[in-house]
Engineer: 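There's a structure below that I have some questions on.
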There are 2 protein chains.
Amino acid sequence: MKPGPSAREINGGEPRLSRASAGRLSLYLRELKELFQDGVKKISSSQLGEAVGITDAQVRKDLAHLGNLGQPGIGYATDELITAIRRALGIDREWKVALVGVGNLARALLRYHGFQQQGFTIVALFDADPTKVGRAVEGLIVHDPADVATVVPATGAELAILTVPSESAQAVTDALGAAGIRGILNFAPAVLRMPPGVSLVSVDLAVQLEQLAFLVQVGQGN
Amino acid sequence: MKPGPSAREINGGEPRLSRASAGRLSLYLRELKELFQDGVKKISSSQLGEAVGITDAQVRKDLAHLGNLGQPGIGYATDELITAIRRALGIDREWKVALVGVGNLARALLRYHGFQQQGFTIVALFDADPTKVGRAVEGLIVHDPADVATVVPATGAELAILTVPSESAQAVTDALGAAGIRGILNFAPAVLRMPPGVSLVSVDLAVQLEQLAFLVQVGQGN
DNA sequence: GGATGTGAACGACTTCACAGCG
DNA sequence: CGCTGTGAAGTCGTTCACATCC
């Protein structure tokens, strides 16, 4: 059927950041943090583009959305870019995250300290396996998914990461939405119908591998 | 009447299938396999679109790239679609995969049988940790990354999955390229310069989480 | 009637090119 | 001069609408 008029913005008139642009800002941010720690104070669009494999014009267009931060003839101040990008992406604050499905993937995520650095804090674990419930993993107690409605509000989690089997993904999604979760990062290989007001980013590992096979097959040497 | 509509140019000029389209074909394929197992023999573009959250027109455009498989007034035969999509994506054969970096993420991937089902077989493991080298994980011996040049050709691996720290990602990439690997699925949070003829698909978990925060912040409820 | 295939309109994103400022 | 910011042009992908065919 028709997709209907998906959520269009009614807010103020300023040009909005596209999703593709937001993804590149993340890459710039990572590069800039490294450069800043190396003592680099100024950088040009062409240098930054070089570092992340993007044209200089594209970099300028992306950064222009953040306001007039660049100085003609000089470039951009790395520290100003960093704070501006953080604010634009909404990561100039802490995000509390619930992790549903405590398997190997979840353990990998728990030990990946890149999240913590970016302001993402995992505050709750859930798993349907009774032998896991009540135990601690990486310092956090594993809860029964049936308790999502109480544990999520109690911990203040706003985001959730789903690493559950695809059969239970939709049910968990609905429960999380009802519990007040506002965004879901989904690793289950399934198409999810989202509750109203909940954002979704899906990472489908099987699809990614198939894309790779496709690229290799057509000889895309990128 | 159209001039030469169904002619498939095999010349080296232009790719028939866009990358975005290839990604959707993966989703169709998963859905179709399930439907076929449920005994569904025919399906229309609107039904398939409904299942994966895409417009019917988009589905038809994607499937049109596979040849004239649809019957006006009837729909598509699920089994024909499945084999056609498999061939288009290059997954109508086995792909042998090397896994570099044997951490929690690698263990999750090893135990994810969705890969095996799709024809991806992990045939070699590598890890720089001397305490892991020589041991077996999920039935496979862990090799020293220094042996990539010999082990990769010996196993016949054509693809590689990278779950190493970002510091070593570029060096490993270069070694894999030299060893004949033709595609890399990268999980390291780094921008990689690819050797000629090697394709890349990157999955950057930090970027995905930041995208999610961005979507939530701007109130994109989709 | 029902559903496909496809030009054409549309929209989103990227690249170009250059005016203008430090 | 070097580099930014930005209209304009270009490219790519999606949606529409309808002729066509079973």
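Convention: sequence-line order gives letters A, B, ...; per-chain numbering from 1. Bear in mind the structure is a predicted one, so any value in this text is a computation, not a measurement.
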Engineer: Report which part of the nucleic acid A/Leu69 touches: base, sugar-phosphate, or nothing (heavy-atom distance under 4.0 Å, all strands).
Structural biologist: sugar-phosphate
Engineer: B/Leu25 CG to D/dG13 C1': how many Å, rounded?
Structural biologist: 14 Å
Engineer: For B/Arg19 and D/dC12, is the shortest distance between a side-chain N/O and OP1 or OP2 below 4.0 Å?
Structural biologist: no
Engineer: Check B/Lys61, B/Glu50, B/Arg60 against B/Ser45 for a side chain to side chain donor-acceptor pair (under 3.5 Å) and give me the one that passes.
Structural biologist: B/Arg60
Engineer: Specify the separation, in whole Å, of atom CG of B/Leu66 and atom P of C/dT4.
Structural biologist: 14 Å
Engineer: On DNA chain C, check which nucleotide each of B/Ala57 and A/Thr55 is closest to and give me the residue with the more 5' one.
Structural biologist: B/Ala57
Engineer: Using residues 66-80 of chain A as the side-chain source, report each donor-acceptor pair under 3.5 Å to any protein atom, sequence neighbours left out, with the distance given to one decimal.
Structural biologist:
residue: A/Gln71; atom: OE1; partner: A/Lys42; partner atom: NZ; Å: 3.1
residue: A/Thr78; atom: OG1; partner: A/Val40; partner atom: O; Å: 2.8
residue: A/Thr78; atom: OG1; partner: A/Lys41; partner atom: O; Å: 3.2

Engineer: Could you state the CG-C1' distance from A/Leu63 to D/dT6, rounded to the nearest angstrom?
Structural biologist: 14 Å
Engineer: Please produce a list of atom pairs where a protein N or O lies less than 3.5 Å from an N or O of nucleotides 1-3 of chain C.
Structural biologist:
residue: C/dG2; atom: N2; partner: B/Gly73; partner atom: N; Å: 3.2
residue: C/dA3; atom: O4'; partner: B/Gly73; partner atom: N; Å: 3.1

Engineer: Tell me: NZ of B/Lys61 to P of D/dC12, nearest whole Å?
Structural biologist: 16 Å
Engineer: Which whole-number value in Å describes the distance from B/Ile54 CD1 to D/dG13 P?
Structural biologist: 15 Å
Engineer: Looking for any heavy atom pair under 4.0 Å, which part of the strands does A/Asn68 touch: base, sugar-phosphate only, or nothing?
Structural biologist: sugar-phosphate
Engineer: When you check the side-chain N and O atoms of A/Asp174 and A/Gln170, is any donor under 3.5 Å from an acceptor?
Structural biologist: yes
Engineer: Test salt bridge (Lys or Arg N to Asp or Glu O under 4.0 Å) on A/Arg24 and A/Asp62; report intermediate values, then the result.
Structural biologist: CA-CA 8 Å; A/Arg24 285 189 299 268; A/Asp62 288 337; 2.6 Å; yes
Engineer: I want to check one thing: is the phosphate of C/dT15, taken as OP1 and OP2, less than 4.0 Å away from some side-chain N or O of A/Gln58?
Structural biologist: yes
Engineer: Applying side chain to side chain contact (heavy atoms under 4.5 Å, CB included), can you list everything that pairs with B/Glu158, at least two apart in sequence or on another chain?
Structural biologist: B/Arg93, B/Trp95, B/Arg182
Engineer: Apply side-chain hydrogen bond (donor to acceptor under 3.5 Å, both in side chains) to the pair B/Gln116 and B/Thr121, showing each step before the final yes or no.
Structural biologist: CA-CA 6 Å; B/Gln116 198 77 257; B/Thr121 309; 3.2 Å; yes
Engineer: Please give, in whole Å, the distance from C/dC18 C1' to A/Asp56 CG?
Structural biologist: 13 Å
